[in-house]
Amino acid sequence: MNEESTTVQEFVVHLIELRTRVIRAVVAVFAVFVALLPFANKLYTWLAYPLLSKMPIGGHMIATEVTTPFFVPMKVAGLVAFLLALPYVLAQIWGFVAPGLYDHEKRLALPLIISSTLLFYVGMAFAYFAVFPFAFGFFANTAPQGVEMMTDIDKYLSFVISMFLAFGLAFETPVAVVLLVKLGILTVPQLRAARRYVVVSAFVVGAIFTPPDAVSQTLLAVPLWLLYELGIVVAGRVAPREEEVDPLKLPNPES
């Protein structure tokens, strides 16, 4: 009975700590969101710049719903607030999970969390600064004669978010490769042998998640392949040494 009561008490303590950390994370995101509200329209203008800069002279975006001009900038402010507060949110998650991890798990988890967050940011930045100008230039130049390009601001936001997710997740490739090796699912030699298939898959992914032009597809496929190669290099440094030497293949000293 004492053991059961102790277990229940520990469970309640963990629930209280989880609630506290969730509240802290939500308050942090909300506080940043409130601070960004006065700049919501400017944030959307900054987000829409890659498209606006490629539109013909006099071109503009439109809002097809009555409430769209108000709520879409709010969505952008919320997205930016979450991204800015993400390090603090991850710190709260780490503070809750870390006490239950072994030392070797902490040494692996913390660098992966930090690197995956930074890589996601880099992927989003790459999409905004490198991919969007080419993609929107392609769309603007392929409009049929007599058709004026006027994009709905809500549809534009949905497109941008999907592209951010695609490139952000694509830039997580090194983390995924390292995890696969570290967990023993794959080995570095197997990853090297699969290189040709990864290159083909990268271009397939680029064709699916980017606009239908060769430049945009290449701008996703090539970094995806290079990040895979980076993952192999890093995995080769952190991989267990015993995977490189098979004890069953060692010579028998008695023979």
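Start at 1 with the first residue, then count along the sequence. Everything numeric in this text was worked out from a predicted model, so none of it was measured.
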What distance separates [X] [atom1] from [Y] [atom2], expressed to the nearest 0.5 Å?
X: Leu43; Y: Asn41; atom1: CG; atom2: CG; value: 9.0 Å
X: Asp103; Y: Leu108; atom1: CG; atom2: CG; value: 13.0 Å
X: Met124; Y: Leu79; atom1: CE; atom2: CG; value: 5.5 Å
X: Ile153; Y: Thr45; atom1: CD1; atom2: OG1; value: 9.5 Å
X: Lys75; Y: Ser158; atom1: NZ; atom2: OG; value: 6.5 Å
X: Met74; Y: Leu37; atom1: CE; atom2: CG; value: 5.0 Å

Does the separation of the ring centres of [X] and [Y] fall below 6.0 angstrom?
X: Phe171; Y: Phe120; result: no
X: Tyr44; Y: Tyr49; result: no
X: Phe164; Y: Tyr121; result: no
X: Tyr128; Y: Trp46; result: yes

Please check this pair: side chain of Tyr156 against backbone of Met61, looking for a donor-acceptor N/O pair closer than 3.5 Å.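 Such a contact is absent between Tyr156 side chain and Met61 backbone.
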
I'd like to check [X] versus [Y] (side-chain heavy atoms, cut-off strictly below 4.5 Å). Are they in contact?
X: Leu157; Y: Val76; result: yes
X: Gln217; Y: Val205; result: no
X: Leu179; Y: Leu112; result: yes
X: Leu224; Y: Phe203; result: no
X: Leu90; Y: Leu86; result: yes
X: Ile232; Y: Glu229; result: yes
X: Phe132; Y: Leu51; result: no
X: Pro174; Y: Leu230; result: yes

Go through the steps for Asp152 and Thr64 under the test side chain to side chain donor-acceptor pair (under 3.5 Å), then give the verdict. CA-CA 6 Å; Asp152 178 65; Thr64 58; 3.1 Å; yes

Nearest non-hydrogen partners of [X] and [Y], listed with the distance:
X: Ala81; Y: Val29; answer: CB-O, 3.8 Å
X: Leu186; Y: Gln190; answer: CA-OE1, 3.4 Å
X: Met163; Y: Val131; answer: CE-CG1, 3.9 Å
X: Trp94; Y: Pro99; answer: O-CD, 4.3 Å
X: Ala25; Y: Val89; answer: CB-CG2, 4.0 Å
X: Arg195; Y: Tyr228; answer: CA-CE2, 4.3 Å

Given the rule in the side chain to side chain contact (heavy atoms under 4.5 Å, CB included) test, do Lys54 and Phe139 qualify, once you have shown the distances and angles that lead to the verdict? CA-CA 9 Å; Lys54 298 300 179 180; Phe139 290 139; over 6 Å; no

CZ of Phe159: more than 12 outside heavy atoms within 6.0 angstrom?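 Above 12, so yes.
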
Is it the case that atom NZ in Lys106 sees more than 12 heavy atoms from other parts of the structure closer than 6.0 Å? yes

When hydrophobic residues are tied together by side-chain contacts of less than 4.5 Å, even through go-betweens, does [X] share a cluster with [Y]?
X: Leu83; Y: Phe30; value: no
X: Val204; Y: Leu227; value: yes
X: Val178; Y: Trp225; value: no
X: Leu169; Y: Ile208; value: yes
X: Ile185; Y: Val177; value: yes

Are Thr151 and Ile62 close enough, and set up right, to give a side chain to side chain contact (heavy atoms under 4.5 Å, CB included), and what steps lead you there? CA-CA 6 Å; Thr151 304; Ile62 62 173; over 6 Å; no

Tyr102: which residues meet the ring-ring contact (aromatic ring centres under 6.0 Å, His included) condition with it, sequence neighbours left out? His104

